[in-house]
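The structure appears below as structure tokens.
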Amino acid sequence: MPTTAKNITPPNKNGKDFSAVWIILALLLFIAVISFFFLSRQSLRLDEAQTLWQSSRSPSGILWIVAQDVHVPLYHILLHFWQMPLGNSVPTVRLFSLAFFLASIPLTYLVGKKAFSKNIAIFATALMAISPFLNWYGNEVRMYSLLLFVTLLNQYFFLGLFVGGETEKSSRPHWTGFVLSAFFGIFTHYFFWFILLIEGVFFLFYRKIFPPKTFRNLALLALLLLLSVLPWFWYVRSIGIINNSDPLLGKPSSVNFFNTFSQFLFGFQNDHLNTIIVSLWPLSVALAFLSLRKNLRTPPQVVFFFLSALLPIVLAFFISVFVRPLFLTRYLILTVPSLFLFFSWFLSAYSKRLSLVLKTGLVLIMLITLITQIRDSNLPVKENYRDAAAFLSARAKAEDVIIVSAPFTIYPLEYYYNGPSKMTTLPLWDRFKTGAIPAFSEQDLPTEVAEINGSHRLAYLVLSYDQGYENNIRYYFDTHFQRLEEKIFSNGLRVYVYKLRYDDGNFGGGA
Amino acid sequence: MPNDLYPPLPSEQMEFLRTTTNKPLLALNLLAAAVYFFVLAFWFERGNLVLYLVLMAGEVFHLWQVFGYIHTVWQTNYPIAAEKKCFLPVDVFITVAGEPEDIVENTIRAALCMRYPQFRVFVLNDGKVAKKENWKAIETLATRLGAVCITRTEASGAKAGNINHALKRTSSPLVAVFDADQAPLPDFLEKAVDYFADPKMGFVQTPQYYQNHGLNETTKGSWEQQELFFGPICKGKNRLNAVFMCGTNMVIRRKALEEVGGMSEDNIAEDFLTSLFIHKKGWRSVYIPQILACGLAPEDFLSYHNQQFRWARGSLEVVFRYNPLFSKGLSWGQKIQYLASASYYLSGAVVLSNALLPLIFFYTGLIPLNISTMSLAAIFLPYIFLTVVVLRLTSNSAYTFKALSFSMSSFPIHIRAIWAVALRKKTAFAVTAKKKVQGNFLSLIIPHLVYIALATIGIVIAISRQGLDAEVLTNSAWAAFNISIFIPFINAALPRATTSPDSKVISVLPAKNADTPVLVSGQQALEVKNGQNSRTN
């Protein structure tokens, strides 16, 4: 029987009647506890510090700054107005992101219930709530949880267009929500366009199940979106080159590709644990074969979530390899709800016993990895600028100098540092001038170091986010000055203390 | 005969016949398979040369299997409607060689009840030459019911010889053949004979439906394997005029059979080989995707094992003695189809070799390729996931993990068949038992149990040698994958109760005081069957 709008029956809602509301509330409480006691209290990270710095400007200043960055400005504008009444303490600004993460939880349930059934929706919602990855970025001062929320909203309304056999008239509320969420989405993150692309592709394959005139409406929407974003593109282009205030990205490999899925499920783990997780990939083949069950139909919703979970990752990977590196797991957070909804349906398709075993196993492993992620202070994503700044505040005097490399890492240090020492960067960078961060030059290094050092007594060299020249800088200092101390504050964040002068610091003391 | 005596089969049991295809997806699957193969073969540094060659041989075979399957199911709804009505006389053959009388009686009655203007029913009784005790009872039964009994007195050619013997003593232009347990539905001839209005039609094949498929793990696995074959595979062969005879539930044009010297007595898969000969003469064949007869799956593991061995042995002989690629008179589509079907039974060797690779690594550290685990995953996973999707889609979600398990876990049977063909050992035609053979069949799963033991020990050795590194973990996962495949097969071999309470079996049973067969519900059928073990009629 061909699949049309009329015979896409609403999903089976006859799951067990455990109270979904109470379960969702419990999950929200779980997230709140994790956030309050663990995640919101961590040191500000580089990206967060940049966001705070950007959003502290006026709205026009935000647009100007963000246009030089690789992002779109909606989140920064919203954060700016959030800070106005509430201040900019780390927990407060993180609360803004947490709010969107929390709102995504019941929204996931609604999406899952619309697409499938209560049981599948509840399990997917639980995965969202205990996901180490989502908990991490749900507490980060960045646009990722807003992106998560807007994506879910957009998918909810998109589902409403074809699940349940909507007519043209009854689909109007869904169209309204779809259009509005699409506008919010494209100004939240550039990757949101992947979601819209996949929805278009899905429509092309399954157009019979959509209400009449969907093609016209989608085409109009595409046109409106492009027209609305054109002024922004023109503005970005008119300002000039993106100023490279972010770390350089390399081309991704197959390891990055599979690590993405590993991180979505199990968060950030140390190398050994990560190796264990991804090396067991043949088990996924067994799971795929086990899904060969008699008369198990694959409704269009499953195909939709599968495409939404996989295609953005594949597209980002190939663009990064062949055009420009932009493959970052956090940018792909918008695929996580689809991935969890697909998994939830997939695991529910097994026999009851096997389904229960697999679901229980998955939940347990995710909880364990959530705990290890919280407890392990050596993870690369944990950047302890706060303790580094506290050390500098306690030790560095007015006659000392703090040298920060890579230059853009000055943001998080600046946020926490309250001491009298001058803080500068290597290579030298004037952040208030338009343009990219100067490139490192081995030839210019002695001159720049001499200029920085001046008549200072001690140099506190703060190295993090190696851009390929960190060792050169450290080697120069090691061979020209006496190293007094080395401190490690987190994975990749070190402070070296060098003696610049050989007198005792008492000026004018003579023979 | 009133139709309400024959309730239709449950709709969910017909799903395997309602197939669809998605050509872009099939093409993508083939592309992914090819990319995987060529990248694996030429992109990465070789490890141990012998293991590399073994791996590559297996991958060549997999690529061939993928191609063969896609070639088959490229279009499964090829139009096959008969152009006009046809009422040629038919001789109905029921081949018997010692099967229980109640089962034979059921089949004879069903045959006699077919709606068709002109046909005769012949019971081809091989019980005497096969030294079965009930051969006389079969003669009496046939006569009582009104069928003609032809009892052979000289043994030659097993079932093929039995049919050839009867051909000489009959004369209708068409011959319908049923195994002793395959009871035709009343409209069998009505639907099958119309295709012979085409003067070039050589034979017509219909599905072998196992009405006892829900009885136990063996019947379930056996039927679920059949669903793939009688579903998309046979339907797909219509496009290529490559449907072959399956030994029962078929109608053959006598002239076509006589042109090739009758049923081939040289091969224990006589139906397969005879089909090849008939196609070589330019005759056509068609598969009707409708259940028009109901029979019985092997009910015990030993019977299943023997049936699979016979099919493997016979088919592999076709590959090595009558290689279809070099057969004149066949189209290229037919050549590919015959070779694909026959070579399927080489898969056992490939399954075993792939399963051994992790074990060899555990014990020796040797690997076929120096490839990072993630790089292998990057090329393998798209191909295998697409294959799973294609299997589900083309079989209309009828293909199951159990069927896959039975296919892959039959590697000892296939290897034994390969060995027998290579050494030209004679294999006697053994009729598949129609009633459960009692006994413990754990000896048939020794290879699988040994594999589990070796894998377990091997993992410990590998971990103690090199710790929990990526190589050890990935190979352990592969060993676990293989074991998961074997589990349903092992489970089927375990001694357990024979009946499944939920089985819905439609059985054709003789009414007590009528000549009319009666269809009853599955549970009743099982109860009566158990009672019939000691009943006298």
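In what follows, chains carry the letters A, B, and so on, assigned in the order in which the sequence lines appear, proteins first and then strands, with residues in each chain numbered from 1.
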Exercise. Got more than 12 heavy atoms from elsewhere within 6.0 Å of NZ, A/K251?
Worked result: no

For this session: Give a yes or no on this: more than 12 heavy atoms of other residues, nucleotides or ligands lie within 6.0 Å of atom CZ of B/F486.
Result: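 More than 12 heavy atoms, drawn from other residues, nucleotides or ligands, come within 6.0 Å of this atom.
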
Exercise. Taking non-hydrogen atoms and a cut-off under 4.5 angstrom, which of residues 371-379 of chain B neighbour chain A?
Worked result: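 Against chain A, the residues of residues 371-379 of chain B that fall inside the cut-off (heavy atoms, under 4.5 Å) are B/T373, B/M374, B/S375, B/L376, B/A377, B/A378.
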
Problem set entry | Toward chain A: residues of residues 396-408 of chain B with heavy atoms under 4.5 Å | B/N396, B/S397, B/A398, B/Y399, B/T400, B/F401, B/L404

Distance check, rounded to the nearest 0.5 Å: [X] atom [atom1] versus [Y] atom [atom2]?
| X | Y | atom1 | atom2 | value |
| --- | --- | --- | --- | --- |
| B/R392 | A/L292 | CZ | CG | 7.0 Å |
| B/S476 | A/I276 | OG | CD1 | 11.0 Å |
| B/E471 | A/T275 | CD | OG1 | 12.5 Å |

Problem set entry | Derivation and outcome, side chain to side chain contact (heavy atoms under 4.5 Å, CB included), residues A/R297 and B/E15 | CA-CA 11 Å; A/R297 297 284 173 257; B/E15 290 300 319; 2.7 Å; yes

For this session: Can you tell which part of A/S253 gets under 4.5 Å to a heavy atom of chain B, answering side chain, backbone, both or neither?
Result: neither

For this session: Answer yes or no: is there a side-chain heavy-atom contact under 4.5 Å between B/V388 and A/S291?
Result: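 Yes, their side chains come closer than 4.5 Å.
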
Exercise. Would you say B/F385 and A/S284 make side-chain contact, with heavy atoms under 4.5 Å?
Worked result: yes

Exercise. For A/S279, does its backbone N or O pair with a side-chain atom of B/T474 as donor and acceptor, under 3.5 Å?
Worked result: yes

Exercise. If you count heavy-atom pairs under 4.5 Å between each of A/W281, A/F258, A/F289 and chain B, which one has the most?
Worked result: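 Top count of heavy-atom pairs under 4.5 Å with chain B: A/W281.
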
Exercise. Non-hydrogen atoms of chain A under 4.5 Å away: do they reach the side chain of B/E224, the backbone, both or neither?
Worked result: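 When you check distances to chain A, only side chain atoms of B/E224 fall under 4.5 Å.
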
For this session: State whether A/K294 and B/E227 are salt-bridged, where the test is any N-O pair (Lys NZ or Arg NE/NH1/NH2 against Asp/Glu carboxylate O) under 4.0 Å.
Result: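 Looking at B/E227 together with A/K294, the answer is yes, because their closest N to O distance falls below 4.0 Å.
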
Problem set entry | Taking every non-hydrogen atom, the tightest pair across B/L473 and A/L280 | O-CD2, 3.7 Å

